[in-house]
Protein chains: 2
Amino acid sequence: MGRRSSGRPTINDVARLAGVSPITVSRALRDPSLVSVELRRLVDGAVAELHYQPNVNARALASSRADVIAVLVPSLTNIVFADFIRGIYDALDDGTLQVQIGNTHYSPQEEERLVRMFLGQRPSGLILAGIDQSSATVKLLKAAGCPVVQVMEYHEEPIDMLVGFSHFEAGKAATEHLVHAGYRRIGFIGARMDPRSQRRMAGYQRALEEAGMFDPTLITTTPTPSSVPLGGELLAEALARNHDLDAVFCNNDDLALGVLFECQRRAISVPHRIGICGFNDLDLMRAAHPSVTSVTTPRYETGRHAVQMVRRRLSGETEEVRYLDLGFRLQARESSARAFAPRWKPA
Amino acid sequence: MGRRSSGRPTINDVARLAGVSPITVSRALRDPSLVSVELRRLVDGAVAELHYQPNVNARALASSRADVIAVLVPSLTNIVFADFIRGIYDALDDGTLQVQIGNTHYSPQEEERLVRMFLGQRPSGLILAGIDQSSATVKLLKAAGCPVVQVMEYHEEPIDMLVGFSHFEAGKAATEHLVHAGYRRIGFIGARMDPRSQRRMAGYQRALEEAGMFDPTLITTTPTPSSVPLGGELLAEALARNHDLDAVFCNNDDLALGVLFECQRRAISVPHRIGICGFNDLDLMRAAHPSVTSVTTPRYETGRHAVQMVRRRLSGETEEVRYLDLGFRLQARESSARAFAPRWKPA
DNA sequence: TTGTAAGCGTTATCAC
DNA sequence: GTGATAACGCTTACAA
C-alpha cells in the first residue's frame with residue numbers, strides 16, 4: 001500500500017483475491033456478460049468479501065465519462081420543479097447514475113455558465129428546463145457529446161430530445177373553459193412571466209380573440225416572483241381597472257389561491273360573481289372552499305420520462321423517441337361553475 | 001495528443017504555454033499565494049487563452065478528495081427541505097463546491113445506504129437532516145473524515161456539528177400560544193409523524209400537561225404523508241371524537257390550511273368556534289382569510305449556515321461553532337385570536 | 001474470453 | 001518558490 005493510497009480496497013485487491021486480472025474485475029462489474037460464469041462468481045465473491053466499491057473518480061477519469069446526469073432548473077422551490085426533480089430521482093433509484101442539479105434562477109446567462117461547467121464534467125446526460133436557451137448555449141448543447149433532453153415545453157425541433165406539453169395550448173384550454181362556463185370579462189393574472197408563463201398568456205389571448213372577447217386591459221402581470229399574497233394584490237389591481245371583471249385565469253395555483261382569499265376577504269362570491277382557474281393543480285386546489293378549477297400538468301412524469309430517454313439513448317436503442325407530448329388535463333371544479341352556465345365538455 | 005485524450009486542454013498545455021511546470025499551474029490555481037506574482041500572471045494568461053478548466057475527476061483521484069458536498073434529506077418536495085436546499089445552493093454560488101443530493105424517503109435504512117455511497121466518493125462535507133440516524137450510520141459518520149453537519153433539529157451532542165432549532169420547544173410554544181389565547185380543548189393534528197413531528201407533538205403534550213388540559217383523545221395522527229386535503233379529513237375525525245374541540249395545533253401549514261378549508265365548508269367560525277395554529281409559516285398563511293397563526297422556522301438560513309460550518313472547518317479555522325440554535329418565532333394571526341382572549345405576548 | 005501495457009489529468013512527495 | 005517523479009484507481013487499445 002503506497003503512501004498516497006486512500007486505504008480502501010481497489011480493483012487490484014479484488015483481482016488478487018479472486019485470482020484474476022484487474023481488467024477482468026472491471027469487466028465483471030460493468031458488464032457481467034463479458035466474463036465467464038466461473039470468473040464472474042469468483043469476482044463477485046471477492047467484491048463482497050472486501051466490501052469493494054469502485055472509485056467513481058478513477059472510473060470517470062479513465063473513461064472520460066462521469067456517471068452523472070446534470071439537471072438545470074430555474075428554481076429549486078417552485079413546486080413544479082420540485083416534483084420534476086423527484087421524478088428524476090425516482091427513475092434513477094438503482095444508484096447507477098448520480099444527479100447534479102444546477103439552479104439557473106431564470107437567467108439564460110446563468111444557464112449558459114452552468115451548461116459550460118456541467119459539460120466540463122462529461123456527464124452521461126443533460127436535462128434542462130425550457131426551450132429558450134441562448135444561442136451560445138444551444139451551440140454548446142449540440143456539441144455536448146451526450147444525450148440532451150429539454151423538458152417542460154413542447155416543440156417539434158428540440159436540440160436533441162424533448163418531453164413536456166404545450167403551455168400555449170394549456171393556457172388556451174383553460175381560457176376556453178372559462179368562456180364555455182359563461183364568463184365574459186375574463187382576466188389574466190401572471191407573475192414572474194418567464195417564457196412558459198408568456199406562452200400560457202399567449203394561449204389565453206388567442207382563446208379570447210377567437211371568442212371575440214379579448215381586451216388588453218384585462219391582463220395584469222408583474223415580473224415579481226409568484227406568491228399567494230401577490231395573487232390577492234394582482235386581483236385588486238385588476239378589479240380597480242375593470243369593475244366588470246367576472247373571471248380570472250391565473251398563471252399558477254399560488255396566484256389562484258391568493259385570488260380566492262382576496263375574494264373571500266372582499267366577500268366576492270366565487271364562482272358567481274367571479275370565476276377562477278389556476279394552473280398546475282396542486283392538491284390544495286381540490287381541498288379549497290370552493291374547490292378551484294385548474295390545469296393538471298405532468299411534472300413528476302416529465303422527470304421520469306426524461307431519465308428514460310437518456311437511458312434509452314445510452315443503451316444504444318435504435319428506435320428512438322425524439323419528442324414526447326405528455327399533455328395536460330383541465331380539471332373543472334366549483335370555482336368556475338356559474339350556476340346558469342352549460343357544463344363544460346372536453347373536446 | 002494521445003488517442004485517449006478528451007481533446008480538452010490539460011494542465012500540461014497550460015504549463016507549456018506559460019513556460020512553467022504543471023505543478024506550478026496546479027499551485028497557482030489552488031492557492032495563488034504559493035506562487036510568485038510573476039509566474040501567477042503567466043499562468044493566468046495561459047489559462048484564459050486556452051479556456052482551461054481543471055478536470056474535477058483527475059483532481060479528485062489525485063487528492064482523494066472530491067469538491068462535493070453531499071446532502072441527505074427525507075423528501076425533495078416538502079417545502080421545508082426545498083427551502084433548505086435552496087439555502088445550500090445560494091451559499092455555494094461561487095462554484096467551488098458541487099452539491100450531491102440524496103433522498104432518504106424518511107427511511108433510516110435508505111439513509112444508511114446513501115451515507116455509505118456518498119462517503120465512498122470522499123466528499124468535502126456531508127449535511128444530513130435530523131438526529132435519528134441508525135447506529136451503523138452514526139459509526140460511519142464518526143469515521144467519515146470530513147465535516148458532518150446534522151440539521152433541522154437541536155441537540156447539544158451532535159455527531160460532529162449541528163444547526164437547527166428545537167421542535168419540542170416550538171411545539172410547546174405554539175400550544176402555549178393557543179392556551180394563552182383562551183382555548184381550552186386544544187387538539188393536535190399530525191401526519192407522517194417522522195421524528196421531528198413526534199417532538200413537536202411531545203412539546204404540545206408538555207404544554208397541555210403544564211396547563212392541566214392534556215387529554216390523549218385530543219390527538220389525531222396518521223402515518224400517511226401530509227397534504228392539504230388530509231388536514232380536512234383529520235379535522236373531521238377529531239371533531240367526531242371531541243365535539244367540544246375548540247382549537248388545533250397542526251403539525252404543518254398544509255394540514256392547517258386543510259383544516260381552515262374544512263371549517264369554511266362546515267361554516268365553523270375561525271377563530272371564534274375553533275382556533276388554528278400551523279407550522280412553518282409559508283407565505284400563504286398570511287394571505288389566507290382569516291390569516292393563519294403559524295411558527296416561522298429558519299429553513300433557508302439552516303442551509304446557509306450548514307454550508308458555512310463546513311467551509312469554516314475546511315479552511316481550518318480554530319474557533320469553531322459545534323452547534324447552533326437558529327430558533328423559531330411564533331407568528332400570531334387572526335386564526336387564533338379569540339375576541340375575548342388576552343393578547344398573546346412573547347416571553 | 002482473458003490478459004498486458006499504457007494512459008486518463010491531476011496532485012503528493014521530496015529535492016533543489 | 002519551483003520542479004521532477006511517481007502515484008491516484010480505473011479503463012481503453014490491442015494482443016493472445
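Computed from a predicted structure; not experimentally measured. Throughout, protein chains are lettered first and strands after them, A, B, ... in sequence-line order, and every chain is numbered starting at 1.
- Phosphate proximity of C/dC8 to B/Thr10: absent, as no side-chain N or O sits under 4.0 Å from OP1 or OP2.
- Both tests hold for A/Arg192 against A/Tyr106: distance to the six-membered ring centre under 6.0 Å, angle to the ring axis within 45°.
- With respect to B/Arg8 and B/Asp13, no salt bridge is recorded, no charged nitrogen being found less than 4.0 Å from a carboxylate O.
- Taking 4.0 Å as the cut-off between side-chain N and carboxylate O, B/Arg304 and B/Glu301 do not count as a salt-bridged pair.
- Residue A/Glu38 contributes atom CD, which lies 13 Å from atom P of C/dT1 at whole-angstrom precision.
- Atom CZ in A/Arg122 sits about 12 Å away from atom P in C/dT10, given to the nearest Å.
- Residues of residues 41-50 of chain A having a heavy atom closer than 4.0 Å to DNA chain D: none are found.
- Atom CG of A/Asn57 is separated from atom C1' of D/dT11 by 14 Å (rounded to the nearest Å).
- The interatomic distance linking A/Asn55 (CG) with C/dT10 (P) rounds to 16 Å, in whole Å.
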Show me, pair by pair, the donor-acceptor contacts under 3.5 angstrom made by side chains of residues 138-152 of chain B, not counting sequence neighbours?
| residue | atom | partner | partner atom | Å |
| --- | --- | --- | --- | --- |
| B/Gln150 | OE1 | B/Ile159 | N | 2.9 |
| B/Gln150 | NE2 | B/Gln133 | OE1 | 3.0 |

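- Between B/Ile11 atom CD1 and D/dT2 atom C1' there is a gap of 14 Å when expressed in whole angstrom units.
- Look at A/Asp31 and A/Arg40 and you find no salt bridge, because none of the NZ, NE, NH1 or NH2 atoms lies under 4.0 Å from a carboxylate O.
- For residues 12-31 of chain A, proximity to DNA chain D is found at A/Ile23, A/Ser26, A/Arg30, defined as any non-hydrogen atom under 4.0 angstrom from a strand atom.
- Residue B/Ser64 is classed as having no contact, given no heavy-atom separation below 4.0 Å to the nucleic acid.
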Could you tabulate the donor-acceptor pairs under 3.5 Å formed by side-chain atoms of residues 44-57 of chain A, not counting sequence neighbours?
| residue | atom | partner | partner atom | Å |
| --- | --- | --- | --- | --- |
| A/Asn55 | OD1 | A/Asn57 | N | 2.8 |
| A/Asn55 | OD1 | A/Ala58 | N | 3.0 |

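- Of the listed nucleotides (C/dT10, D/dG9, D/dT11), D/dG9 has the atom at the smallest distance from the side chain of A/Leu61.
- Along DNA chain D, the nucleotide nearest B/Ser63 and the nucleotide nearest A/Arg59 are compared for position; the residue whose nucleotide lies closer to the 5' end is B/Ser63.
- Applying the ring pair (Phe, Tyr, Trp, His ring centres under 6.0 Å) rule to A/Phe165 yields the partners A/His167; only residues at least two apart in sequence or on another chain are considered.
- One atom, CD of A/Gln121, and another, P of C/dT10, lie 13 Å apart when rounded to the nearest Å.
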Please list every donor-acceptor pair under 3.5 Å in which a side-chain atom of residues 119-130 of chain B meets a protein atom from a residue at least two apart or in another chain.
| residue | atom | partner | partner atom | Å |
| --- | --- | --- | --- | --- |
| B/Gln121 | OE1 | B/Gln100 | NE2 | 3.2 |
| B/Arg122 | NH2 | A/Ser6 | O | 3.4 |
| B/Ser124 | OG | B/Ala66 | O | 2.7 |

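- Under the 4.5 Å side-chain criterion, counting only non-hydrogen atoms from C-beta, B/Glu111 is not in contact with B/Asp132.
- Between the P atom of D/dT2 and the CG atom of B/Leu34 lies a distance of 10 Å, rounded to the nearest Å.
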